[in-house]
Amino acid sequence: MAARSQSSRHGAITAVVCLALAAVVAAMESLNVALPDIARDTHASQTDLTWVIDAYSLAFASLLLPGGGLGDRYGRRMALIVGLLIFGAGSAIAMTATSASELIALRAVLGLGAALVMPATLSTITSTFPASERTRAVSIWAAVGGGAAILGLLAAGALLVAFSWRSIFGLNVLLAAASLAGTLRYVPESADPSAPRLDVVGAVIAVAALVALVFSVIEAPTYGWLATRTLVGLALAVVLLVCFVVWELRQTTPLLDPRVFRNRQLATGSMSIFVQFFAFFGFTFIGMQYLQLVRGDTALLAAVQVLPLAAVMVPTSRLAPGLTARYGTRTVCASGLTLVAAGLAIIAQAGTHTPYALMAAGLVVLGAGMGAAMTPATSAITEALPSAQQGVGSALNDLSREVGGATGIAVIGSILTSTYTSQVNLSGLPNKIASEVKKSYAAASRLGTQASDRAHTAFVSAMHIALLTGAGAVLLAAAATLILLARRPKTASTHERSTAADAVSSASAEIAQPQPAS
């Protein structure tokens, strides 16, 4: 009876932490389907829309490791409670927002909450569950983490059928409230008081470097790619990154020791995850606008139309371990990345009147590529480390995913904006209308046939260039994978893994335990 009661309690904990995880993961993608409505209601420019989406991912990615470290040291339950309060309160306030700048700031607040929630969900399972129940709970956690983004798109699309874009934030509030109630009722406190002191200076430098990079890239279409402001911002990002590396190399308990990337297998896996989500997040940002504004689909139909990607990715990811065992990580990962690039290139061919079948074909190829590449990439990270340091692999996997997504939205979104702005034909349009067309594609789509037709043509051309740029980046990563994994390092594998593990801080190692690719 006691064992059954304990199992039921663990089931309740799993349900609660997975609900919290679903809330913060779904928020990454759900607002993409609402971009046309947000642009019309808030008069947001194309650059503003990029920030509305990326502010969340940027804050999430920047603060993920510090958030995990705080939970480990001061309590994972406490981190969940604080993170959910921030996420829920920020979402409630966002329902009242009337301008793009308010939304951008509040999305960043939501990202802060998510950075506390996500690592605490998994580390709660791994630190409190017995080994007999841990594997099953982690697999459920991974499945929720993998599917919540697509479910978020679908839920948001369904809400927009009857309500405004504000209802998406209302859903966030409900999910946060339910998760908070469950946390207070079922989740036990767990912490490691002996965990190393958080590397605050390293965290600040890392956040500043990523913010400088993303800000400079997103704002480049407004000020010019060769403008002093843009070049100084990019140079500052590079300088801060160098400072971060130098600082971390000198710490006894660094936030993330750069020496871990001496391991080719781990470095290649991290690069692969980074570039996959660089491409996926960038595509989603563009694809939702294309489906709704160019094709005229509803938000719900647009969300449904990306399902072929998930429908192919899930079974392919299940086949990937067998393919990897037979053909090797190098071949399967590089082939998967090549398919991702091919999928983006196919979607890039879509025009103003192209049948949906073309995009569906591209989504199938893209999904197959991500399913094939993700599993060996994650395995490459975790297998590079001994069992005692497997948490490092999960931390790097999550970090690569979130930083890749934030960077992808910034770069691909910025290329879309700058190309659209430079190519849209404004000749013969009244000054006021011309200004609106140039400022925002979403606004241009409702300004009359002449303006909207020109905007559609320019947007499709910009989408073509942006997605092909993303495809090119993924192909470069595929080539790098072939080169980096061409042969094993001469040192013994066990020694290599031990060296890599010793280079990583124990604080980072406590963040999570290994999970299936998601």
Side-chain angles (χ1 to χ4, degrees), residues 6 9-25 27 56 59-93 106 108-130 133-134 137-138 140-141 144-145 172-200 202-204 206-207 253 255-256 391 394-395 398-399 402 505-513 515:
Q6 185 75 352
R9 181 171 179 79
H10 287 155
I13 294 171
T14 302
V16 169
V17 297
C18 284
L19 182 62
L21 174 68
V24 300
V25 172
Y56 181 85
F60 197 168
S62 300
L63 301 171
L64 183 62
L65 287 181
L70 287 172
D72 287 342
R73 186 173 179 83
Y74 299 108
R76 288 129 189 164
R77 181 175 185 267
M78 180 59 68
L80 263 176
I81 292 172
V82 174
L84 288 168
L85 284 172
I86 293 173
F87 184 83
S91 296
I93 298 172
L106 289 167
V109 171
L110 266 64
L112 167 61
L116 289 169
V117 169
M118 186 175 186
T121 58
L122 185 57
S123 56
T124 292
I125 292 174
T126 58
S127 62
T128 60
F129 281 32
E133 296 185 27
R134 188 179 304 147
V138 168
I140 295 172
W141 183 95
V144 172
N172 289 348
V173 174
L174 291 176
L175 292 174
S179 301
L180 182 60
T183 300
L184 293 172
R185 174 67 178 83
Y186 295 108
V187 177
E189 184 59 278
S190 61
D192 181 7
S194 64
R197 181 176 57 86
L198 183 65
D199 179 14
V200 177
V204 170
V207 170
T253 57
L255 185 71
L256 179 63
S394 257
D398 289 343
L399 187 64
E402 303 310 328
S505 70
S506 57
S508 295
E510 291 294 325
I511 291 177
Q513 291 295 322
Q515 77 252 32

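- Between the CD atom of Glu402 and the CG atom of Leu65 there is a distance of 11.0 Å, given to the nearest 0.5 Å.
- Of all heavy-atom pairs between Gly111 and Tyr56, the closest is N-CD1, 3.5 Å.
- Contact annotation: the side chain of Asp199 never approaches that of Thr253 to less than 4.5 Å [non-hydrogen atoms, C-beta and beyond].
- Side chain of Tyr186 to backbone of Thr14: no donor-acceptor contact under 3.5 angstrom is found.
- Considering all non-hydrogen atoms of both residues, Leu175 and Ala23 come closest at CB-CB, 3.8 Å.
- Scored by the side-chain hydrogen bond (donor to acceptor under 3.5 Å, both in side chains) test, Ser179 finds no partners at all (sequence neighbours excluded).
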_Could you walk me through whether Val109 and Ile86 satisfy the side chain to side chain contact (heavy atoms under 4.5 Å, CB included) test, starting with their C-alpha distance in whole Å, then the side-chain angles of each, then the deciding distance to 0.1 Å, before giving a yes or no?_
CA-CA 7 Å; Val109 171; Ile86 293 173; 3.7 Å; yes
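- Counting only distance, with no hydrogens or angles, the side chain of Thr121 and the backbone of Met118 share a donor-acceptor pair below 3.5 Å.
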*asked:* Between Asn172 and Phe87, does the side chain to side chain contact (heavy atoms under 4.5 Å, CB included) criterion hold? Intermediate values first, please.
replied: CA-CA 8 Å; Asn172 289 348; Phe87 184 83; 3.8 Å; yes
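- Listed here is the closest heavy atom pair of Ala20 and Leu84: CB-CD2, 4.2 Å.
- Arg76 places no side-chain N or O within donor-acceptor distance of the main-chain N or O of Thr124, the cut-off being under 3.5 Å.
- Nearest heavy-atom pair, Gly67 versus Pro119, reported as atom, atom and distance to 0.1 Å: C-CG, 4.1 Å.
- Ala59 and Leu112 get closest at one heavy-atom pair: CB-N, 4.0 Å.
- Leu21 places none of its side-chain heavy atoms less than 4.5 Å from the side chain of Val17.
- Residues Ile13 and Pro188 approach most closely at CD1-CD, 3.6 Å, considering heavy atoms.
- For the pair Leu80/Val117, a side-chain contact is recorded, criterion being any heavy-atom separation below 4.5 Å from C-beta on.
- No donor-acceptor pair under 3.5 Å is formed between the side chain of Arg77 and the backbone N or O of Ala120.
- Within the model, atoms CG of Leu180 and CG of Leu19 stand 11.0 Å from one another, a figure rounded to the nearest 0.5 Å.
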